[in-house]
Protein chains: 2
Amino acid sequence: MVTMSDVAREAGVSVMTVSNVLNERLPVGAPTRARVLAAVEALGYEVNLTARHLRAGRTDTVALIVPSFHDYFGEVADQIAPLVEAHGRHLVLERTSASAQHEMEAVSVARLQLYDGVLLSVAGLDPEQLSRVRTSKPIVLLGERDVPDHFDHVRLANEEGARLATAHMIERGSRRILALGCTLDRTHMMTSDRRVGWEVAHRDAGLPVDDRYVVPIATYSSETARSTLLDVIASGLPFDGIFAATDVIALGAVAALASRGLRVPDDVQLAGFDNLEVSSFVPPGITSVDPNHRGVAQHAVGLLHRRMAGGDGPAEHVVAPVSLVVRGSTRGGR
Amino acid sequence: MVTMSDVAREAGVSVMTVSNVLNERLPVGAPTRARVLAAVEALGYEVNLTARHLRAGRTDTVALIVPSFHDYFGEVADQIAPLVEAHGRHLVLERTSASAQHEMEAVSVARLQLYDGVLLSVAGLDPEQLSRVRTSKPIVLLGERDVPDHFDHVRLANEEGARLATAHMIERGSRRILALGCTLDRTHMMTSDRRVGWEVAHRDAGLPVDDRYVVPIATYSSETARSTLLDVIASGLPFDGIFAATDVIALGAVAALASRGLRVPDDVQLAGFDNLEVSSFVPPGITSVDPNHRGVAQHAVGLLHRRMAGGDGPAEHVVAPVSLVVRGSTRGGR
DNA sequence: GAAGCCCGTTTTAACGATATTGTCTGCGAA
DNA sequence: TTCGCAGACAATATCGTTAAAACGGGCTTC
């Protein structure tokens with residue numbers, strides 16, 4: 001490996017002069033500078049980022065830590081990357097498999113040292129565990145779980161989104177709307193917040209709230225959603241609308257409905273959450289709550305950037321606004 | 001920051017003893033060992049990975065460098081992660097936006113130092129550029145572009161997959177099959193290899209090959225595919241089957257067909273490539289070539305692991321076999 | 001009883017960069 | 001002539017760790 005001192009020897013100068021030429025810290029005389037650059041070129045020298053990091057304490061790298069790489073998180077990551085790069089830093093992704101243990105390791109003191117800042121998409125850790133994190137580097141949390149107050153946090157307007165979607169279907173005639181993939185518990189998590197929105201929409205419309213219509217699912221996959229919905233259909237519970245907690249779930253619902261000959265939106269209206277790219281292409285187009293990836297990304301990176309620049313104000317808790325994208329799966333959509 | 005020498009002082013031993021306790025290199029006496037561990041606990045010491053890396057020349061980290069984080073690459077990444085972790089290493093993802101420049105930077109000497117090995121999904125670099133890469137660390141290439149012989153490389157059986165899909169539709173009655181998203185040129189890239197498979201299937205069946213049925217698209221998005229197919233329909237070119245170069249394209253095709261009232265598979269059979277998860281849920285289920293993510297991941301990680309372990313045999317060029325998953329979008333599927 | 005050896009531990013020397021301080025030269029002002 | 005000062009470069013210490021060699025005391029071995 002070619003080191004700075006190789007270059008220095010080749011150019012007949014000291015290592016610091018090489019460093020000064022390359023980093024433009026202290027001024028270097030033109031002839032010396034030229035010799036150094038020539039030597040760099042001749043030897044093909046490139047800086048050792050690890051050594052720089054050890055000495056300078058800066059990596060120019062930000063980590064985005066997500067439960068998995070696909071679907072929602074992949075899309076968010078693609079939004080975040082250019083924003084981080086706009087600040088002259090690199091973005092790397094790490095994966096936790098949504099396990100609390102992996103998330104804890106990812107924000108351990110040891111791993112945090114590798115980055116100037118971290119965006120952590122919380123899936124497994126509860127507030128109590130999070131409060132035990134020794135936060136030696138700027139961390140901004142993403143996601144729909146509750147987090148301790150002292151963390152910067154960006155989350156979606158889950159309740160409002162679910163309310164919008166449900167109210168829309170009520171307005172378009174649905175009276176028995178399943179909350180597929182939602183949960184009844186009161187922990188502030190994505191699935192319960194969205195259920196609350198579903199509930200609020202019912203109350204607002206003066207409709208009764210029937211807990212039998214809240215249908216949790218075991219895992220958040222399309223396949224589980226499909227089979228769960230088939231069970232509901234088989235049970236004979238009458239319904240004419242489905243609010244799916246995520247578009248992945250909505251997709252499973254689409255498959256289940258189609259296989260039972262139920263027409264969307266004529267027999268059953270359907271709305272999802274996440275506005276995945278596929279949702280606009282699956283006939284008849286799935287009405288979905290747009291989570292505003294760009295906005296989330298901008299808020300998150302903005303907060304992180306402020307911290308990395310040394311900002312030390314109180315932690316901010318951003319609730320990113322969402323909007324409803326109406327498509328053919330609800331009546332009146334195209 | 002708590003360092004090893006802080007721990008050493010606390011425990012009344014030298015730093016090397018601390019290191020030996022923590023890394024279990026040289027044996028340490030039980031009482032000393034206990035004192036060290038107590039000190040580690042008391043001070044909350046965690047190793048500085050950067051310093052370790054600088055000294056030991058090992059990061060225990062593998063990078064997967066992809067054009068973008070979503071869809072195909074996100075799914076592959078999720079397959080690769082556990083395999084890398086099984087070898088006791090971490091996986092991180094980086095993104096290149098499919099730009100040749102970013103790909104080149106990602107495998108620069110400087111950046112390669114940060115990892116023990118790299119999996120590079122080639123999208124922007126041509127063989128000539130790749131041959132200029134100074135390969136200071138093990139690199140395994142992924143993807144459908146041609147690459148220089150001296151690189152380990154894992155690619156899909158693109159031609160065979162396209163042939164399978166097309167032959168299947170021919171067998172089930174289609175006679176005029178669009179090759180949507182394929183290209184006519186002869187560079188060995190994904191889009192041309194898949195077109196060749198489409199062509200071979202026609203020849204095998206004794207059907208004429210009509211270049212008008214090869215329909216390239218400007219960008220590989222569902223939206224572009226949708227509008228391109230609408231143009232084809234408007235042009236009046238008669239067709240009764242579509243081989244879509246990717247499932248993302250197939251998805252756009254589904255939307256276009258639906259919006260024109262064309263029924264799948266009755267009026268038009270449709271087959272895609274990639275077997276994305278969504279493809280099994282979009283009614284009536286999209287027949288697709290399964291790219292065998294698991295197999296690709298296993299081959300790639302296997303090759304990389306061998307190199308990282310010091311293996312120095314000749315470069316291997318693996319063509320991972322693919323298979324056809326028949327669904328409702330072709331006749332006879334369910 | 002000298003030589004060798006084992007064990008547990010310390011000492012020394014890197015790894016490759018950067019921050020800080022120091023040295024030398026040349027030039028202008030007093 | 002002397003002093004001061006700035007500019008250009010060099011020397012040295014340092015970041016936190018690990019590899020390798022040195023050490024020293026007790027024990028075996030002949």
Side-chain angles (χ1 to χ4, degrees), chain A residues 1-40 43-61 108-116 136-137, chain B residues 1-40 43-61 108-116 136-137:
Chain A
M1 171 191 289
V2 182
T3 74
M4 242 187 204
S5 76
D6 295 329
V7 175
R9 195 176 323 111
E10 172 83 9
V13 298
S14 74
V15 281
M16 265 323 286
T17 300
V18 177
S19 176
N20 283 327
V21 167
L22 296 179
N23 299 313
E24 295 178 329
R25 268 175 51 87
L26 301 182
V28 175
T32 315
R33 177 189 176 72
R35 282 214 317 286
V36 168
L37 291 175
V40 165
L43 300 180
Y45 168 80
E46 294 189 36
V47 69
N48 182 320
L49 294 171
T50 304
R52 166 179 292 173
H53 176 202
L54 177 60
R55 182 63 240 239
R58 163 182 54 92
T59 62
D60 296 326
T61 301
S108 67
V109 173
R111 300 276 290 285
L112 283 180
Q113 292 166 341
L114 297 175
Y115 306 110
D116 288 349
S136 56
K137 282 282 174 65
Chain B
M1 168 191 290
V2 183
T3 73
M4 246 188 202
S5 77
D6 295 329
V7 176
R9 194 176 323 113
E10 173 85 9
V13 296
S14 73
V15 279
M16 266 320 287
T17 299
V18 178
S19 176
N20 284 328
V21 167
L22 295 179
N23 300 312
E24 296 179 330
R25 266 176 51 86
L26 302 182
V28 174
T32 316
R33 176 188 177 73
R35 281 215 316 286
V36 168
L37 290 176
V40 165
L43 301 180
Y45 167 80
E46 293 189 37
V47 69
N48 182 322
L49 293 171
T50 305
R52 166 181 290 173
H53 177 201
L54 177 62
R55 180 64 244 236
R58 164 181 53 93
T59 62
D60 296 326
T61 301
S108 67
V109 173
R111 299 276 291 285
L112 283 180
Q113 292 167 340
L114 297 175
Y115 306 111
D116 288 351
S136 54
K137 284 282 174 65

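Values in this document were obtained by computation on a predicted structure and should not be read as measured data. Chain identifiers are assigned alphabetically (A, B, ...) following the order of the sequence lines, protein sequences preceding nucleic acid strands; residue numbering begins at 1 within each chain.
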**Student:** Consider the side chain of A/Pro27, meaning its heavy atoms from C-beta on, and name the nucleotide among D/dT17, C/dT10, D/dA8 that approaches it most closely.
**Tutor:**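 Closest of the options to the side chain of A/Pro27: D/dA8.
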**Student:** Taking all non-hydrogen atoms of both residues into account, name the closest pair between A/Val47 and B/Gln113 and its distance.
**Tutor:** O-OE1, 3.4 Å
**Student:** List the steps, then state whether side-chain contact (heavy atoms from CB on, under 4.5 Å) holds for A/Arg52 with A/Arg58.
**Tutor:** CA-CA 8 Å; A/Arg52 166 179 292 173; A/Arg58 163 182 54 92; 4.1 Å; yes
**Student:** With a 4.5 Å heavy-atom cut-off, do B/Val13 and B/Val36 have their side chains touching?
**Tutor:** yes
**Student:** More 5' along DNA chain D: B/Val15 or A/Gly12, using each one's nearest nucleotide?
**Tutor:**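 Final value for this comparison: A/Gly12.
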**Student:** Quickly work out the B/Asn48 CG to D/dC15 C1' distance and round it to whole Å.
**Tutor:** 8 Å
**Student:** Give the rounded distance in Å between these two atoms: CE of A/Met16 and P of D/dT14.
**Tutor:**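 In whole Å, D/dT14 P lies 16 Å from A/Met16 CE.
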**Student:** Please lay out, stage by stage, how B/Thr3 and B/Asn48 fare under the test side-chain contact (heavy atoms from CB on, under 4.5 Å).
**Tutor:** CA-CA 8 Å; B/Thr3 73; B/Asn48 182 322; over 6 Å; no
**Student:** Whole angstrom is fine here: how far is it from CG in B/Leu54 over to P in C/dT18?
**Tutor:**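 It works out to 12 Å between those atoms.
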**Student:** If I take atom CG in residue B/Asp60 and atom P in nucleotide D/dT17, what distance separates them, rounded to the nearest angstrom?
**Tutor:**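 Taking atom P of D/dT17 as the reference, CG of B/Asp60 is at 16 Å.
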**Student:** So A/Thr50, base contact, sugar-phosphate only, or nothing? Heavy-atom distance under 4.0 Å.
**Tutor:** nothing
**Student:** Run the side-chain contact (heavy atoms from CB on, under 4.5 Å) check on A/Lys137 and A/Arg111 step by step: do they pass?
**Tutor:** CA-CA 10 Å; A/Lys137 282 282 174 65; A/Arg111 300 276 290 285; over 6 Å; no
**Student:** Between A/Tyr45 (OH) and C/dG16 (P), how many Å, whole number?
**Tutor:** 10 Å
**Student:** Is any side-chain N or O of B/Ser19 closer than 4.0 Å to OP1 or OP2 of D/dT18?
**Tutor:** yes
**Student:** Kindly point out which of C/dT20, C/dA17, D/dT18 is positioned nearest to the side chain of A/Arg25?
**Tutor:** C/dT20
**Student:** Toward the 5' end of DNA chain D, which comes first, B/Asn20 or B/Leu49, by nearest nucleotide?
**Tutor:** B/Leu49
**Student:** Could you state the atom-to-atom distance from CD of B/Glu24 to P of C/dG8 in whole Å?
**Tutor:** 14 Å
**Student:** Roughly, in whole Å, what's the span from CG in A/Leu26 to P in C/dG22?
**Tutor:**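 Value for this atom pair: 15 Å.
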**Student:** Would you classify B/Thr3 as touching base, sugar-phosphate or nothing, given that sugar-phosphate means primed atoms plus P, OP1 and OP2, and contacts are heavy atoms under 4.0 Å?
**Tutor:**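 The answer is sugar-phosphate, as B/Thr3 gets under 4.0 Å only of primed atoms, P, OP1 or OP2.
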**Student:** Tell whether A/Arg55 reaches the base of D/dT14 with its side chain through a donor-acceptor pair below 3.5 angstrom.
**Tutor:**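 Such a pair exists between side chain and base.
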**Student:** Think B/Ser5 has a side-chain N or O under 4.0 angstrom from the OP1 or OP2 of D/dG16?
**Tutor:**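 Negative; the distance criterion is not met.
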**Student:** With respect to the side chain of A/Ala56, which nucleotide from C/dT18, D/dC9, D/dA19 is positioned closest?
**Tutor:**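 Within the option list, the nearest is C/dT18.
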**Student:** Between atom NE2 in B/His53 and atom P in D/dA19, what is the gap in whole Å?
**Tutor:** 13 Å
**Student:** Quick check for you: among C/dG16, C/dA17, D/dT12, whose closest atom lies nearest to any side-chain atom of A/Met4?
**Tutor:** C/dA17
**Student:** Show, in sequence, the C-alpha distance, side-chain angles and deciding distance for A/Leu114 and A/Thr61, and conclude whether the side-chain contact (heavy atoms from CB on, under 4.5 Å) test is met.
**Tutor:** CA-CA 8 Å; A/Leu114 297 175; A/Thr61 301; over 6 Å; no
**Student:** Over all strands shown, is B/Thr17 touching base, sugar-phosphate only, or nothing at heavy-atom distances under 4.0 angstrom?
**Tutor:** base
**Student:** May I ask you to evaluate whether B/Asn23 reaches the phosphate of D/dT18, defined as a side-chain N or O under 4.0 Å from OP1 or OP2?
**Tutor:** yes
